[in-house]
Amino acid sequence: MTSTGRFTLPSEENFAEKTKELAELWGADAIRNSDGTHLDESVLALGKKIYSAYFPTRAHNEWITLHMDETPQVYLLTGRVLAEADIVDVPLMDGFFEEQLKPNRDADPHKYWEVVDRTTNEVVDASLWTLDEDTDTVHVSGATPMHEYTVSFLAYIIWDPVEMYNHLTNGWGDKEHEIPFDIYHPATRKFVFDTFEQWLKDNPQVDVVRFTTFFYQFTLLFDQKQREKVVDWFGCACTVSPAALDDFEKEYGYRLRPEDFVDGGAYNSAWRVPRKAQRDWIDFLSGFVRTNVKKLADMSHAAGKEAMMFLGDQWIGTEPYKDGFEDLGLDAVVGSIGDGTTTRMIADIPGVKYTEGRFLPYFFPDTFYEGNDPSIEAWDNWRKARRAILRSPIARMGYGGYLSLAAKFPKFVDTVTHIADEFRDIHDRTGGVAAEGELNVAILNSWGKMRSWMAFTVAHALPNKQTYSYYGILESLSGMRVNVRFISFDDVLEHGVADDIDVIINGGPVDTAFTGGDVWKNPKLTETLRAWVRGGGAFVGVGEPSSLARFQAGRFFQLADVLGVDEERHQTLSVDKYFPAVTPEHFITADVHVDPAAREAWEKAGYRIPLSGCGGGQGIKPLGGIDFGEPIANTFPVNEDVTLLRADGGQVQLAVNEYGKGRGVYVSGLPYSAANARLLERILFWASHNEDKYTAYSSTNPECEVAVFPDAGQYCVINNTDRPQSTDVALPDGSIEHFDLDQSAIAWRNL
């Protein structure tokens, strides 16, 4: 029987009867409009809570077409052009989509633009270049032959990037492009607030204003073929204006360069080690954004409506994990559920009354087309989200897009019915309280709390070859029986390590925000962490942890002594590296399945024999059983006391090290899988000397996980696959309970 509540249904014009039917079937207590649609009067009359998507800075071309110098702006970096003489021409718009972007010729280019000799990295004097406005080309004189030159220039954003994506995806044809506008300009800011005030009066039926979102789009730029060119879900590139730059200089006492935004073409990716200018701009921007968000929230409340923020689209500057977010007065945050990590990104946000997840698939024609089965994605999305919801509940769920598309797929309709009922059942059983966590785990990086559950991401929940070996850490943790927090290097330097932290994880590639870069030149950081581990702490490194790009003091990993592993950077090739024999039996690898025939062949091949030499390692064939993702080449044990658990192909993939009273663990990579999540869980319990706590409420099958709710007097076992699974669960009294679970099933038992 269908339960009701905690579900938001999207609807659209001329779809009232089917909306009513699906609202009853899915137990919806709220209905919202989707982008470009409105709700019929008969839908409003259903007695449901009404959400309305509201776009503060688009969908009013009648205003912005008269003020085209008040659209948001972005610093763009041209392609590199080789000078073959002392004059070189640099075209501005090559590689950019001219329907989205237009060079700003209104503000003095010689004040706000920059030409750079990329061979020397020197700024070209403004007197040596001119702009040809007819061809959008910069002519540079006095160039050095065989040097490359670029121009960093301001451009207006003349097509809202999200509306543009929706437009192109849905084939909206000649529908008028929606032009965004920037509230940094007083006239436009007044228009935005006056317009919202009138909208509140004109829409008394709306209960929740779903701000989608506020003022500044994350970095989303397209090329001339209408493909994504630059996408950074955390990027602040599209937030610039001459007025804001001038005000920043007055407030902070120095002037930002265009280079502080284009960043050599990296556009200040969250992977870059953050610099002072980048951090200062985030602070400046968030101060402005938050002040105006609070005004919108206050206006909503004064009109008797809730204010809900969508964590997406124009969310930049809101910074939900930055101190002070709770002061904005927002009632709720809703966000897109892509997996367990993005679920936690939404669910863990402090300072709001409730959070809501928008599940996938989105009701768009790129998924809902003849011959496709959208229910496959729906189940996959739910399984990933569910394990995270058990650890950090969201209060509501829903879907987005066009209901008329989804209604054509009966199997999908049945799938959502089941998912919605199960979601409500979880909440009813647990009272919205998170499952018990047994360890306190801290992720250490440059960003800390401000980027909670946002590490290792390029675009929202999308895979990336260079990132999946690290993103798997978060995905594993999102549904694990541990409590997770995010701390920065500055936190450790200023306050040390908090007494209640059991394990610290540092991971990522060298010279990124996630491993720290030059912060490791500060001896206080290594002193603090070494002392903490020697006193009984646990440090887990993944990939190139604690690495410093410049060879320093004979080490690449600055905590190689803690981890027991370092990486050869071709500086000490003349020094032999001796590998102790691999130890296949260990608490950490107890659940790793290794084919018996492979194990026998491994032993016969002499893998237990220590090997030495510059290559070192255990040659011939790997023992297998673990997916370490993208390989980290040339890692080696720093001494023969290190315990190697995997060392294939002349390098270390998994090793453990006793360090005083504490322990270090090195893993070369950790893509997400059930087996790897189990491996990480065992690593955390072993490293923190909590092996004795591991067995109770653990599942013998890594594809199944257990969540315990002491206050509710229940525990549940979930099947995270689309196949039937069996598992045994060990109870604290030593007894065993067996479970046979259907695909995607959840089973509940009393404690």
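Heavy atoms only: backbone and side chains are in, while hydrogens, waters and symmetry mates are out.
Between Phe409 and Phe368, the angle of the ring planes goes over 60°, which puts this pair in the perpendicular group of the 30/60° scheme. In this pair, Trp172 and Tyr402 present their aromatic rings perpendicular. The plane angle is above 60°, beyond the 30 to 60° band. Aromatic ring orientation, Phe412 versus Phe363: perpendicular (interplanar angle above 60°, classes split at 30° and 60°). Ring orientation note: the planes of Trp159 and Phe97 are tilted relative to one another, at an angle of 30° to 60°. A tilted orientation is assigned to the rings of Trp382 and Phe359, their planes being inclined by 30° to 60°. The aromatic rings of Trp63 and Phe191 sit parallel to each other, their planes meeting at less than 30°, with 60° as the upper class boundary.
For the pair Arg481 and Glu436, the salt-bridge criterion is not met [side-chain N within less than 4.0 Å of a carboxylate O]. Using a 4.0 Å cut-off between charged nitrogen and carboxylate oxygen, Arg386 and Glu422 count as a salt-bridge pair. Looking at Asp29 and Lys49, no side-chain N of the basic residue comes within less than 4.0 Å of a carboxylate O on the acidic one, giving no salt bridge. Under the 4.0 Å criterion applied to side-chain N and carboxylate O atoms, Glu163 and Lys175 are assigned as salt-bridge partners. Taking a cutoff of 4.0 Å between a charged side-chain nitrogen and a carboxylate oxygen, Glu737 and Arg749 qualify as a salt bridge. A salt bridge links Asp298 with Lys294: at least one charged nitrogen is closer than 4.0 Å to a carboxylate oxygen.
Crowding of Tyr468 atom OH: a count of heavy atoms from other residues, nucleotides or ligands under 6.0 Å exceeding 12. Heavy-atom contacts from other residues, nucleotides or ligands closer than 6.0 Å to CD of Glu62 number more than 12. Other residues, nucleotides and ligands place no more than 12 heavy atoms under 6.0 Å from the CD atom of Glu17. The number of heavy atoms from other shown groups lying within 6.0 Å of NZ (Lys48) is above 12.
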Problem set entry | Step-by-step ring pair (Phe, Tyr, Trp, His ring centres under 6.0 Å) determination, Phe196 to Phe211 | CA-CA 11 Å; Phe196 184 54; Phe211 291 103; 5.4 Å; yes
For this session: Would you check, one step at a time, whether the test side-chain hydrogen bond (donor to acceptor under 3.5 Å, both in side chains) holds for Asp366 with Thr169?
Result: CA-CA 7 Å; Asp366 56 347; Thr169 302; 5.4 Å; no
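Partner of Ser269 under the side-chain contact (heavy atoms from CB on, under 4.5 Å) criterion, out of Val230, Val458, Asp232, Thr219: Asp232 alone. Asp331 pairs in a salt bridge (charged side-chain N to carboxylate O under 4.0 Å, His left out) with only one of the listed residues (Arg210, Lys305, Lys353), which is Lys353. Just one residue in the list Asp160, Thr212, Thr239 forms a side chain to side chain donor-acceptor pair (under 3.5 Å) with Gln314, and that residue is Asp160. With Trp315 as the fixed residue, the ring pair (Phe, Tyr, Trp, His ring centres under 6.0 Å) test singles out one of Tyr321, Phe215, Phe325, Trp233: Trp233.
Annotation: side chain of Val706 is in contact with side chain of Tyr715 (closest heavy-atom distance under 4.5 Å). With a 4.5 Å cut-off on side-chain heavy atoms, Met164 and Glu178 do not count as touching.
Residues meeting the salt bridge (charged side-chain N to carboxylate O under 4.0 Å, His left out) test with Glu70, sequence neighbours left out: none.
When every heavy atom of Ala378 is checked against every heavy atom of Thr415, the shortest pair comes out as CB-CG2, 3.9 Å. In this structure, Lys322 and Ser286 approach most closely via the heavy-atom pair NZ-OG, 3.7 Å. Closest of all the heavy-atom pairs between Trp271 and Phe456 is CZ2-CA, 3.4 Å.
With Asn33 contributing its side chain and Pro10 its backbone, the two residues share no donor-acceptor pair below 3.5 Å.
For the residue pair His427/Asp425, the side-chain donor-acceptor check at 3.5 Å is not satisfied.
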